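Since the structure comes first, as structure tokens, the remarks are kept for the end.
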Amino acid sequence: MPQQKDIVKIAIQMPGAYPQLIQLDQKKPLSAVIKEVCDGWNLPGPDNYALQYADGVQTYITESNRLDIKNGCILRLTKAPGRCAEDLYKGIQSSDSDVRCDSLKQLACVSTDVTFAQEFISRNGHSLLVKIVEDAHEAPLIMAHTLTGFMELMDHGIVSWENVSAVFIKKIASFVNATVLDASIQQVSLAILESMVLSSSSLFQQVKQEVTLERLLSQLQVTNQQIQTKAMALLMALLQTAGHADRQELFVFLGKKNLRQYIYKNIIHSSASVGDEMAHYLYVLQSVTLNHLESRMRMPLDSYNQDQREILHGLRQAAFETESENSLSHERRRSLCAKEFKKLGFSNNSNPGQDLLRAPPGLLALDTMAHFASRYPDAYSRFVLENSSREDKHECPFARSSIQLTLILCEILSIGEPPSETGSDYHPIFFAQDQLLDELFCICIQLLNKTWKEMRATQEDFDKVMQVVREQITRTLSSKPTSLELFKNKVNALNYSEILKLRQTERLHQEETLAPPVLELKERLRPELLELIRQQRLNRLCQGTLFRKISSRRRQDKLWHCRLSPNHKVLHFGDVEEESETPTIESLQEKIPVADIKALLMGKDCPHMKEHKGKQTKEVLALAFSVTYDVEEYSLNFIASSRTDFCLWTDGLSVLLGRDMSSECMRSELETLLSMEIKLRLLDLENVPIPDSAPPVPKPPSNFNFCYDFSQAEQ
């Protein structure tokens with residue numbers, strides 16, 4: 001008898017027949033299941049049939065994937081993959097062009113299934129497709145189906161791309177290089193070449209020799225977005241797979257052809273929106289191009305490098321007049337240089353190269369400073385002189401700020417990080433502007449000086465200013481400015497006061513949007529957690545508690561024990577002799593049926609408190625409670641040993657009487673549980689593995705001397 005978990009209820013369809021509703025036994029061989037289905041429709045030869053999903057991706061059901069079948073799935077009885085592969089193999093070789101076309105069209109569809117692909121390839125079907133391509137005698141529609149089927153078969157990795165012939169590569173490249181050809185053929189040909197390039201370096205070289213890069217660039221101008229995307233994909237594959245020398249050669253060629261402006265004009269600027277796949281390739285191109293700066297970013301300044309030292313001194317000379325410098329003595333000249341490097345904002349003014357040992361940003365910081373000084377000399381001089389002449393501790397250090405700003409720009413532009421496989425966050429401004437990092441730096445260093453003054457910052461506020469500047473840049477870039485001028489206008493409009501307003505608005509909006517869901521979640525959790533507390537209270541009553549009887553003669557107080565029966569229907573109680581004893585429920589002679597309890601009284605309303613009115617302290621009153629039973633003529637009177645016991649028993653008795661719990665302990669515990677549960681529910685558990693089973697319980701310790709008796713503390 002199969003277990004219930006091994007049974008899946010499914011429907012099976014077949015064209016021209018009523019569906020069968022069956023209970024699929026996952027322990028039964030698939031061949032036996034198919035035989036039963038065939039018998040239900042009186043179909044001979046069950047070996048010629050297979051099951052596949054009727055909806056979505058119509059995958060064949062095999063022994064390896066059958067456990068993915070869920071209750072309610074709809075399957076279809078269809079040709080077995082081997083029989084289907086054999087029929088299509090014969091159809092492709094038919095002398096009738098219509099039969100060949102239909103067979104290849106069907107092949108392009110079913111080749112996505114790995115089970116079919118294995119059967120077709122085992123019959124050497126992929127070689128048949130290669131021959132059709134190499135011969136190139138077929139009509140465009142048949143050729144398009146052939147290439148699509150071949151691509152789908154190769155995607156499974158059953159056959160290596162290394163096995164394709166040079167003739168085949170030349171033919172596919174000719175489809176790409178052709179100026180006039182069916183668009184569907186060019187599209188799938190570009191995809192085939194991309195897969196070849198990504199598969200091995202030897203195929204990269206063959207494709208690089210056969211494909212005309214000018215033609216590849218011209219395909220970025222076509223109106224067909226799918227061809228644009230596939231052309232960009234092949235271009236990115238060539239760049240990513242190339243070795244250092246080949247990549248440099250490609251970049252030189254693409255630089256001469258103004259690839260970025262090409263893309264900006266024909267893809268970004270001319271399209272209302274860029275598709276997800278194209279956005280990914282634009283992101284990859286941006287990342288690969290900017291990563292050319294990584295070597296400079298990782299390289300610290302070499303104090304013995306004459307060229308680097310000259311650039312450093314060039315920064316100083318561009319900012320300060322040094323006409324009579326050559327006539328000064330060595331010591332005087334050295335002192336003057338140190339003074340001017342200090343005004344430039346270097347921390348180590350006697351050896352400013354020490355400030356540039358930090359890598360990243362390394363030599364990139366020197367490059368960006370030199371670019372600013374040479375490209376915008378007036379703005380550079382104004383920045384340095386304005387701050388070097390201040391004596392109120394509000395000067396903005398140019399060199400220190402430049403080094404940190406360069407690092408921030410490297411982080412924002414992800415320089416030095418490999419492109420993500422799913423990334424799509426490209427900056428349109430990258431394709432509209434050469435030397436993006438340098439030009440962004442020139443705008444942002446002036447923005448930094450402006451923000452510094454708006455914040456009335458001192459040297460102690462340096463990190464705060466840099467945080468604001470980072471926010472100004474990231475917010476502006478997130479709006480996807482399409483030109484440097486637009487970026488400049490937007491980032492300067494986003495002054496410090498605007499940043500503060502945006503932060504406040506976002507904070508309020510976050511509170512508004514988060515509060516209702518959290519409150520709603522609290523309300524949904526409250527009943528469940530209240531029930532948890534109720535069960536804990538009843539369990540505590542079932543465990544029982546020792547109580548003291550207060551004697552009017554001030555003698556030694558007597559002890560008595562009270563506990564609730566496991567079925568929650570009777571209160572058992574009775575006197576005990578020693579405090580250490582925990583009497584069994586059978587030894588407690590007295591009992592009160594819960595159904596007979598009429599009321600729960602607390603504090604001064606209790607009968608035993610009224611009898612001794614004026615004699616009891618506030619502490620005793622706070623711990624007293626009673627239950628009345630029968631016709632309220634009798635009562636069972638309690639004085640708890642601690643406030644905790646009082647709360648536990650009054651809550652538990654309230655639950656027994658069908659009333660709401662009202663103790664402060666209950667409210668505190670409920671808030672604690674709610675807070676903990678909400679924090680757990682709001683945890684970001686993405687990519688955090690959660691075990692299916694609880695971790696093993698550790699072995700008991702050698703002794704329990706560390707155990708603390710909380711009951712003593714409560715008393």
Side-chain angles (χ1 to χ4, degrees), residues 283 286-287 290 293 297 345 358 360-361 364-365 367-369 371-373 375-376 378-380 382-384 386-387 390 394-417 423 425-510:
Y283 155 79
Q286 171 186 291
S287 179
L290 287 174
L293 300 170
M297 182 184 76
R358 177 184 174 192
L364 267 187
D367 295 341
T368 52
M369 287 189 284
H371 180 83
F372 179 48
R375 181 75 187 271
Y376 305 99
D378 293 341
Y380 170 69
R382 187 164 56 250
F383 186 114
V384 175
E386 176 184 309
N387 287 284
R390 302 185 69 166
H394 288 277
E395 69 276 5
C396 177
F398 172 75
R400 184 186 176 192
S401 300
S402 297
I403 293 167
Q404 188 63 27
L405 177 61
T406 304
L407 179 62
I408 287 173
L409 288 172
C410 287
E411 290 172 352
I412 291 173
L413 298 175
S414 302
I415 297 174
E417 296 179 15
D425 186 20
Y426 72 93
H427 300 295
I429 193 174
F430 166 80
F431 299 93
Q433 178 64 50
D434 290 330
Q435 296 181 295
L436 177 66
L437 179 69
D438 291 333
E439 290 301 322
L440 280 181
F441 174 85
C442 294
I443 293 172
C444 294
I445 192 66
Q446 296 176 77
L447 168 74
L448 190 153
N449 189 38
K450 173 173 167 284
T451 302
W452 185 283
K453 289 185 285 187
E454 290 170 353
M455 295 177 67
R456 296 191 165 189
T458 62
Q459 294 291 330
E460 289 76 17
D461 302 316
F462 182 82
D463 290 337
K464 292 181 183 178
V465 176
M466 299 312 297
Q467 287 174 3
V468 173
V469 171
R470 177 191 286 269
E471 190 172 342
Q472 289 171 316
I473 298 168
T474 52
R475 284 182 182 275
T476 305
L477 285 176
S478 67
S479 68
K480 302 289 184 185
T482 54
S483 69
L484 204 63
E485 190 62 32
L486 191 57
F487 172 82
K488 181 179 179 180
N489 293 337
K490 283 189 173 185
V491 79
N492 280 299
L494 197 60
N495 54 37
Y496 179 55
S497 61
E498 285 297 316
I499 289 290
L500 293 179
K501 288 178 187 177
L502 285 170
R503 286 177 177 176
Q504 179 66 16
T505 302
E506 288 171 0
R507 193 180 300 114
L508 292 173
H509 178 68
Q510 188 176 25

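From a predicted model like this one, the values you see are computed outputs, not experimental measurements.
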Query raised in the report: Any side-chain donor-acceptor pair under 3.5 Å between Gln472 and Thr451?
Result: yes
**Report entry** side-chain hydrogen bond (donor to acceptor under 3.5 Å, both in side chains) involving Ser478 - partner list, sequence neighbours excluded
**Finding:** none
Query raised in the report: Is a side-chain donor or acceptor of Glu454 paired with a backbone partner of Tyr496 at a separation under 3.5 angstrom?
Result: yes
Query raised in the report: Is a donor on one side and an acceptor on the other found under 3.5 Å between the side chain of Gln446 and the backbone of Cys442?
Result: yes
Got a list of side-chain donor-acceptor pairs under 3.5 Å for residues 486-494, not counting sequence neighbours?
from   : atom 1 : to     : atom 2 : distance (Å)
Asn489 : ND2    : Glu485 : O      : 3.3
Lys490 : NZ     : Ser479 : OG     : 3.3
Asn492 : ND2    : Lys488 : O      : 2.8

Query raised in the report: Is the side chain of Asn387 donor-acceptor paired with the backbone N or O of Pro397 at a distance under 3.5 Å, no angle test?
Result: no
Query raised in the report: Between the side chain of Lys480 and the main-chain N/O of Tyr426, is any donor-acceptor distance below 3.5 Å?
Result: yes
Query raised in the report: With sequence neighbours excluded, what pairs up with Lys464 under the side-chain hydrogen bond (donor to acceptor under 3.5 Å, both in side chains) test?
Result: none
Query raised in the report: Which pairs count as salt bridge (charged side-chain N to carboxylate O under 4.0 Å, His left out) when at least one residue sits in residues 426-437, sequence neighbours excluded?
Result: Arg260-Asp434
Query raised in the report: Just by distance, with hydrogens left out, do Gln404 and Arg358 show a side-chain donor and acceptor under 3.5 Å apart?
Result: yes
Query - Partners meeting salt bridge (charged side-chain N to carboxylate O under 4.0 Å, His left out) with Arg382 (sequence neighbours left out) - result: none
Query raised in the report: So, does Gln459 use its side chain to make a donor-acceptor pair with the main chain of His394 at under 3.5 Å?
Result: no
Report summary line: When Ile443, Leu440, Leu405 are each screened for side chain to side chain contact (heavy atoms under 4.5 Å, CB included) with Ile473, the one that passes is Leu405
Report summary line: Applying ring-ring contact (aromatic ring centres under 6.0 Å, His included) to Phe383 and not counting sequence neighbours gives Phe398
Query raised in the report: Any side-chain heavy atom of Leu437 sitting closer than 4.5 Å to one from Leu413?
Result: yes
